[in-house]
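Start at 1 with the first residue, then count along the sequence.
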Amino acid sequence: MSSTITAIGTANPEYRFPQMKILEFMSTAHNLDELNGSRLKKLYDASGIQFRYSVIPDFGVSRGTFTFFGNDGNLEPFPGTKKRSDFYENNAKDLAIQALKNLKESFEFNLADATHLITVSCTGMYAPGLDIDLVQEMQLAETIERTCINFMGCYGAFNALKMADYICRANVEAKVLIVDVELCTLHFQRENTMENWVANSLFADGAAAVLVEHNKGDKHGLALKCFYNTLVTEAKDEMAWRIGDYGFEMRLSSGIARNIGKKINKVADDLAAKAGISRTSINRTAIHPGGRRILEVCEQVLDLPEEALDISYDILRQYGNMSSVTILFILKRLLKEALRGENIMTFAFGPGLTVETMVIEAI
């Protein structure tokens, strides 16, 4: 008997761009000469990404037809934080609703039966917020208990799952909805720096809705068995996320993958020990694809077989890094593909430098 993920619905915006098409936008936006344009192309070639989704159409059209960014040589008028926040408010709800509808259709769940709602996002916020919009639009119970998890970065969904687990353990009748929306591409930064090159090559938009409920053994799903987290404080400043005058500003150091590599084996050992299992009893590994290099380092240090991270690589390839939403896309695949009894070890990383992990079991 455990808290179990029994359904996941996902959604993406209507605009789907090949990675090389986004490269054209970025080369122009950064006003790159031939040499630096070639350097940026190498970064995109090595990204492991083929497609990304965005709520903004501009990444796939030519200058002169932009509707979000300005059309002069420096993207002026360049949208400030208020315009981006307004755009988030106008678009996050629709994407979240689509994810909820997809969950409902796949599982035939009556959304009005949900007892708790947890919303997750690090790319926008407003009040009255997304949670209240969803109550009204999806006819959730007005008495539903609401919690918002904001600004925690790529590991935010782990904290939502932990909270859902605590709720279900305390109340066996609870049915917890998690709705996670990230509109990362709203926060494009035009300054010509390597950090901006990297961030602008990775991030994308998406949403996921998850149902967690107490399982008495009669439902298929992913049982939440154990959580463990730690901080790599010596790398605290290598990943940062702050509110600037022109959206949210991301700092991504080239040392992130290296520092994860230094700690990941011990973290895996500590997680297994807390779960009361051996590392050899882990059947699958799911890692948030913060970038191709992070997956490669984890694969090498954890001594994983070649196919172990196929789902993580595939989600990165088809969608890019959707921040906290990304791991839920991976779990949706595992919900369908994992065999009963398989233990799955999962990881995500974020500012801090935070390492969030959990063991789940396919049942």
Side-chain angles (χ1 to χ4, degrees), residues 1-11 99 102-109 154-155 157-162 164-165 168-169 175-178 180 206-228 264 267-268 271-272 274-290 294-295 298-299 302-319 322 324-349 355-363:
M1 297 171 64
S2 60
S3 309
T4 302
I5 297 170
T6 52
I8 301 176
T10 58
N102 291 341
L103 178 149
K104 181 180 178 182
E105 290 173 4
S106 67
F107 193 66
E108 296 182 353
F109 174 68
C154 295
Y155 63 88
F158 278 67
N159 287 284
L161 290 167
K162 275 192 277 191
D165 178 47
C168 290
R169 289 178 185 274
K175 297 184 182 300
V176 184
L177 284 175
I178 298 170
D180 191 342
V210 180
L211 175 63
V212 180
E213 52 188 324
H214 191 80
N215 193 350
K216 302 177 178 64
D218 58 341
K219 294 179 181 177
H220 167 67
L222 299 173
L224 305 174
K225 306 298 289 186
C226 181
F227 295 89
Y228 177 78
I264 194 74
V267 171
L271 173 61
K274 183 177 180 182
I277 60 177
S278 67
R279 289 270 298 271
T280 57
S281 68
I282 298 297
N283 306 102
R284 293 176 181 257
T285 305
I287 296 178
H288 164 72
I294 289 176
L295 293 180
C298 291
E299 191 173 36
L302 294 173
D303 194 25
L304 298 173
E306 185 176 347
E307 71 282 358
L309 298 182
D310 280 356
I311 295 178
S312 293
Y313 278 112
D314 190 52
I315 295 299
L316 179 66
R317 183 164 47 250
Q318 297 298 327
Y319 299 96
M322 299 171 286
S324 63
V325 171
T326 320
I327 196 67
L328 301 178
F329 274 61
I330 294 171
L331 293 183
K332 182 182 178 182
R333 288 273 299 271
L334 289 168
L335 184 62
K336 180 180 179 180
E337 297 178 17
L339 303 177
R340 186 178 297 273
E342 286 189 325
N343 287 315
I344 305 161
M345 184 177 283
T346 71
F347 301 83
F349 317 100
V355 183
E356 284 282 353
T357 69
M358 64 180 175
V359 171
I360 54 181
E361 179 186 356
I363 59 174

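- Within the 4.5 Å cutoff, the side chain of Q318 has no heavy atoms near those of the F329 side chain.
- Across L304, T346, N343, a single residue satisfies side chain to side chain contact (heavy atoms under 4.5 Å, CB included) together with T285, and that is L304.
- For CD of E307, the number of neighbouring non-hydrogen atoms (other residues, nucleotides, ligands) closer than 6.0 Å is greater than 12.
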Show me the donor-acceptor pairs, under 3.5 Å and distance only, between side chains in residues 308-317 and residues at least two apart or in other chains.
from: S312; atom 1: OG; to: I287; atom 2: N; distance (Å): 3.2
from: S312; atom 1: OG; to: I287; atom 2: O; distance (Å): 2.8
from: Y313; atom 1: OH; to: E299; atom 2: OE1; distance (Å): 3.1
from: D314; atom 1: OD1; to: R317; atom 2: NH2; distance (Å): 3.0
from: D314; atom 1: OD2; to: R333; atom 2: NH1; distance (Å): 2.9

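- From M322, atom CE reaches atom CG of L328 across 9.0 Å, with rounding to the nearest 0.5 Å.
- A heavy-atom distance below 4.5 Å is found between the side chains of L302 and R279.
- Looking at K175, its side chain never comes within 3.5 Å of a backbone N or O of L211 through a donor-acceptor pair.
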Checklist entry - Do T10 and N102 pass the side-chain contact (heavy atoms from CB on, under 4.5 Å) test, and can you show the C-alpha distance, the side-chain angles, and the key distance before you say yes or no? => result CA-CA 7 Å; T10 58; N102 291 341; 5.6 Å; no

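- Here the CG-CZ distance, from L224 to R169, works out to 8.0 Å after rounding to the nearest 0.5 Å.
- At least one side-chain heavy atom of P289 sits under 4.5 Å from a side-chain heavy atom of T326.
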Got a list of side-chain donor-acceptor pairs under 3.5 Å for residues 356-363, not counting sequence neighbours?
from: E356; atom 1: OE1; to: K162; atom 2: NZ; distance (Å): 3.1
from: E356; atom 1: OE2; to: K162; atom 2: NZ; distance (Å): 3.3
from: T357; atom 1: OG1; to: Y228; atom 2: O; distance (Å): 2.7

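- Here the closest heavy-atom approach between residue I327 and residue H288 is recorded as CD1-N, 4.0 Å.
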Item to check | side-chain contact (heavy atoms from CB on, under 4.5 Å) assessment of C168 paired with V176 | outcome: CA-CA 8 Å; C168 290; V176 184; 3.9 Å; yes

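- Between atom OG1 of residue T4 and atom CG of residue D165 there is a gap of 9.0 Å, rounded to the nearest 0.5 Å.
- Scanning both residues, K274 and C226, for their nearest heavy atoms gives CG-SG, 3.5 Å.
- Contact of the V267 side chain with the F347 side chain is registered, since non-hydrogen atoms from C-beta on lie closer than 4.5 Å.
- Considering OG of S106 and NZ of K332, their distance stands at 7.0 Å, rounded to 0.5 Å.
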Checklist entry - Step by step, would you call L331 with I344 a side-chain contact (heavy atoms from CB on, under 4.5 Å)? => result CA-CA 10 Å; L331 293 183; I344 305 161; 5.8 Å; no

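- Taking CG of N215 as the start and NE2 of H220 as the end, the distance is 10.5 Å to the nearest 0.5 Å.
- For the atom pair CZ of F107 and CD1 of I8, the computed distance is 11.0 Å after rounding to the nearest 0.5 Å.
- In plain terms, the two heavy atoms of S3 and V212 that are nearest each other are CB-CG1, 4.2 Å.
- Listed by chain and number, the residues in a side-chain hydrogen bond (donor to acceptor under 3.5 Å, both in side chains) with T6 are E213 (sequence neighbours excluded).
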